[in-house]
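Just so we're clear, the structure is a prediction, and the values are computed from it rather than from any experiment. Only heavy atoms go into these numbers, but all of them, side chains included; no hydrogens, no water, no symmetry mates.
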Amino acid sequence: MRWTLKPKPDSQKVKALATQLKVDELIAALLVQRGIETFEQARQFFRPSLDDLHNPYLMKDMDKAVSRIETAIANGENILVFGDYDVDGTTAVSLVSSYLKSYYPNVATYIPDRYDEGYGISYKGIDYADDNSITLIIALDCGIKSIDHIAYANERNIDFIICDHHRPGDILPNAIALLDPKRDDCSYPYDELCGCGVGFKLIQALGENRNQTIDDLLIYLDLVATAIAADIVPMTGENRILAKFGLDVINANPRPGIKALIKNVKKKVLTITDVVFIIAPRINAAGRIKHGNAAVSLLTEYDLEQAEQFASEIEQHNSDRKDLDKQITIEALDQIEINEGTDKFTTVVYNENWHKGVIGIVASRLIETYYRPTIVFTKSGDKLAASARSVKDFDIYNALEASSEHLEQFGGHMYAAGMTLKEENYQNFKNAFEKVVSETIHPDLLTPEIAIDAEINLTDIDDRLVRLLNQFEPFGPQNMTPTFMTKNLKDSGYAKTLGQNGEHLKLFVKQFNSNGFGAIGFGLGDKLEITKNHQPIAICYCIDENEFNGTVSLQLRFKDIKPD
């Protein structure tokens with residue numbers, strides 16, 4: 001594990017901001033590290049406001065999209081809302097379809113089957129629209145590279161509005177409107193929205209035509225916050241605003257489907273982390289194990305009893321998903337050990353019997369053992385399909401692009417992607433991908449890194465600091481939970497392991513005879529020996545509030561421990 005202390009920010013900027021905000025320089029330094037250097041930027045950071053959302057019409061083609069939808073409604077056309085089967089896609093479909101249905105009845109939804117149709121816009125979906133006299137499809141979280149599919153739809157007099165956030169290719173599809181802030185020719189001020197976020201901008205624009213304000217659209221933000229959390233987009237700008245107010249909805253008055261999913265959660269207030277680990281996997285499980293339609297049914301259901309029935313079915317899918325990904329991860333690790341060796345720059349594995357719904361999770365699990373860009377393939381019809389996951393700071397999308405002569409299609413982001421290829425091209429692709437990565441990745445990136453915001457002493461930690469750190473939420477990429485390092489610590493002789501197999505490490509640490517803190521390291525039980533000889537230790541950690549028997553105390557949740 002590499003510990004990397006972030007460079008200290010400009011001291012003049014830190015002092016100036018600390019004075020303006022009347023906070024300690026530690027807090028000011030954490031803000032400057034996040035690009036927050038002025039009083040106004042700090043105000044927007046600490047007090048996200050719906051007034052700071054951008055005008056949706058700044059997005060290229062928004063006027064065309066709204067005009068085409070209004071024409072469809074005026075003419076009584078049938079509209080199909082189409083989206084991917086993951087959390088971002090199913091929340092986006094639920095959002096746009098339920099908004100349109102609130103004032104127009106001729107709206108249907110379509111989620112492609114992960115196994116039969118694969119990712120993105122499908123010919124089967126277009127045929128479904130054709131068979132049902134649908135003349136307008138609104139595609140969410142997909143479509144920006146679907147040139148042939150859109151041409152196929154155009155031949156059948158079916159128009160497309162595409163709402164996507166993936167990187168476009170060199171050629172854009174011939175759709176009526178292409179809403180994608182990552183288009184080179186789009187000057188929208190914020191280009192890190194998720195697919196559901198782009199869908200929200202569309203209903204925001206439609207709402208203006210109905211004299212609706214942002215307050216009328218708040219009820220949809222539980223969906224947007226869930227998508228932002230699940231899709232791991234930067235927690236900056238508009239995403240931060242939408243996530244903050246969406247979390248408020250989740251905690252105060254969520255839709256019945258989300259209420260049913262969190263019914264048995266003991267916590268009073270959910271954070272973005274809870275959304276990532278509790279809500280998102282369950283919504284995802286529908287598309288992984290059964291069909292994404294189940295997620296849309298849950299998220300658009302207004303009867304709580306029916307929603308609870310859907311939620312219990314999804315809970316079962318999630319349980320099945322856990323069993324599957326555990327089993328496949330074991331098989332994949334065996335395959336690496338037997339066939340691949342551990343001296344490669346990449347992990348690429350394949351088994352035709354692996355469940356397509358969990359290969360993305362398995363790719364992430366493999367990175368926990370062999371920290372390198374990873375692709376997991378399985379059989380899908382007459383082709384192979386795969387999910388790719390990357391390591392921090394390495395762009396796997398670019399590596400796929402450089403190996404794309406062997407692929408049928410691919411798409412995704414810097415850290416996650418999907419692809420298909422012909423079985424006979426598997427080995428050639430595998431070799432090409434290994435070559436590209438070996439030539440372009442910095443060796444340091446093959447060792448997991450803990451990025452540390454600041455080195456502090458235990459005496460710096462008090463209730464005021466924690467209160468201010470809590471206001472940094474919601475956390476996410478580019479605004480991660482602050483991680484600190486403290487040296488010259490001693491365990492007070494309380495070190496012990498916890499968990500069924502002793503996998504966690506519990507300490508009570510002191511420094512310079514200061515008041516001590518309880519500290520817990522999840523998955524670090526094997527580091528118990530480091531504490532045994534009473535020598536000084538260093539830990540890197542986040543500060544947690546631990547609630548036990550109604551008492552709240554500060555606790556250090558440490559990520560790693562080393563002899564000092």
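For the pairing with E423, the salt bridge (Lys or Arg N to Asp or Glu O under 4.0 Å) check across K383, K430, K379 returns one residue only, K379.
In this structure, R365 contributes its side chain and K326 its backbone to no donor-acceptor pair below 3.5 Å. Distance alone, capped at 3.5 Å, places no donor-acceptor pair between the R321 side chain and the R282 backbone. Not a single donor-acceptor pair under 3.5 Å links the side chain of R389 to the backbone N or O of A363. No side-chain donor-acceptor contact under 3.5 Å links S67 to the backbone of D63. A donor-acceptor contact shorter than 3.5 Å links the side chain of N55 to the backbone of Y57. Under a 3.5 Å cut-off, the side chain of D191 and the backbone N or O of K182 do not form any donor-acceptor pair. For the pair D222 (side chain) and P254 (backbone), a donor-acceptor distance under 3.5 Å is absent. Formation of a donor-acceptor pair under 3.5 Å by the K259 side chain with backbone atoms of A307 is not found in this model. Between the D141 side chain and the D84 main chain, no donor and acceptor come within less than 3.5 Å of each other. Side-chain atoms of N157 never come within 3.5 Å of backbone atoms of T135 as a donor-acceptor pair (strictly under, hydrogens ignored).
In this structure, OH on Y85 lies 10.5 Å from CG on N284, to the nearest 0.5 angstrom. With rounding to the nearest 0.5 Å, the separation of CD1 in I359 from OG1 in T374 is 12.5 Å. In this structure, OG in S133 is found 12.5 Å from CG in L80, a value given to the nearest 0.5 Å. Atoms NE2 and CZ, from H317 and R288 in turn, are 13.5 Å apart once rounded to the nearest 0.5 Å. For the atom pair L366 CG and I375 CD1, the distance stands at 12.0 Å (nearest 0.5 Å). Taken from CD1 in I150 to CG in D159, the straight-line distance is 10.0 Å, to the nearest 0.5 Å.
For R68 and E77, the salt-bridge test passes: some basic side-chain N is under 4.0 Å from an acidic carboxylate O. Ion pairing between a basic and an acidic side chain is recognised when a charged N comes within 4.0 Å of a carboxylate O; K244 and D52 show no such pairing. Salt-bridge annotation for K124 and E117: absent, with no side-chain N of the basic residue lying under 4.0 Å from a carboxylate O of the acidic one. One finds a salt bridge joining E70 and R210 here, because a Lys/Arg side-chain nitrogen approaches an Asp/Glu carboxylate oxygen to under 4.0 Å.
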- Take L50 and L53, measure what side chain to side chain contact (heavy atoms under 4.5 Å, CB included) needs, and give me the verdict at the end. CA-CA 6 Å; L50 294 165; L53 292 176; 4.0 Å; yes

- Task: Output, in order, the C-alpha distance, side-chain angles, deciding distance and verdict of side chain to side chain contact (heavy atoms under 4.5 Å, CB included) for L261 and I278.
- Result: CA-CA 8 Å; L261 285 180; I278 297 168; over 6 Å; no

- Check the pair F200, E238 against side chain to side chain contact (heavy atoms under 4.5 Å, CB included), reporting the backbone distance first and the verdict last. CA-CA 11 Å; F200 183 77; E238 278 195 311; over 6 Å; no

- Which is it for V376 and W354 under the side chain to side chain contact (heavy atoms under 4.5 Å, CB included) test, yes or no, and what are the steps along the way? CA-CA 9 Å; V376 179; W354 286 342; 3.7 Å; yes

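For the pair L100/I138, a side-chain contact is recorded, criterion being any heavy-atom separation below 4.5 Å from C-beta on. D180 has its side chain out of reach of C186: every pair of non-hydrogen atoms, C-beta onward, lies at least 4.5 Å apart. Under the 4.5 Å side-chain criterion, counting only non-hydrogen atoms from C-beta, M59 is in contact with V198. Contact of the E352 side chain with the T378 side chain is not registered, since no non-hydrogen atoms from C-beta on lie closer than 4.5 Å. Side-chain atoms of T440 and F394, non-hydrogen and from C-beta on, do get closer than 4.5 Å to each other. Using a 4.5 Å cut-off on side-chain heavy atoms (C-beta onward), S49 and I241 make no contact. At a threshold of 4.5 Å between non-hydrogen side-chain atoms, the residues D231 and D86 count as touching. The shortest distance between side-chain heavy atoms of L31 and F46 falls below 4.5 Å.
A cation-pi arrangement, defined by a distance under 6.0 Å to the six-membered ring centre and an angle within 45 degrees of its axis, is absent between R34 and F45.
Using the six-membered ring where Trp is involved, F410 and Y397 have ring planes that are tilted, between 30° and 60° apart. Taking the six-membered ring for Trp and thresholds of 30 and 60 degrees, F429 and H406 have ring planes more than 60 degrees apart, a perpendicular arrangement. Between Y128 and Y110, the ring-plane angle classifies as tilted under the 30° and 60° cut-offs.
R183 meets the salt bridge (Lys or Arg N to Asp or Glu O under 4.0 Å) test with D61, D185; sequence neighbours excluded. Evaluation of the salt bridge (Lys or Arg N to Asp or Glu O under 4.0 Å) rule for E401 yields no partner, not counting sequence neighbours. The side chain to side chain contact (heavy atoms under 4.5 Å, CB included) check on S319 picks up Q316, with sequence neighbours excluded.
Judged by distance alone, the side chains of Y190 and T236 do bring a donor and an acceptor atom under 3.5 Å apart. Between the side chains of Q204 and E208, no donor-acceptor pair is found at a separation under 3.5 Å. No donor-acceptor contact under 3.5 angstrom links the side chains of N239 and E192, judged on distance only.
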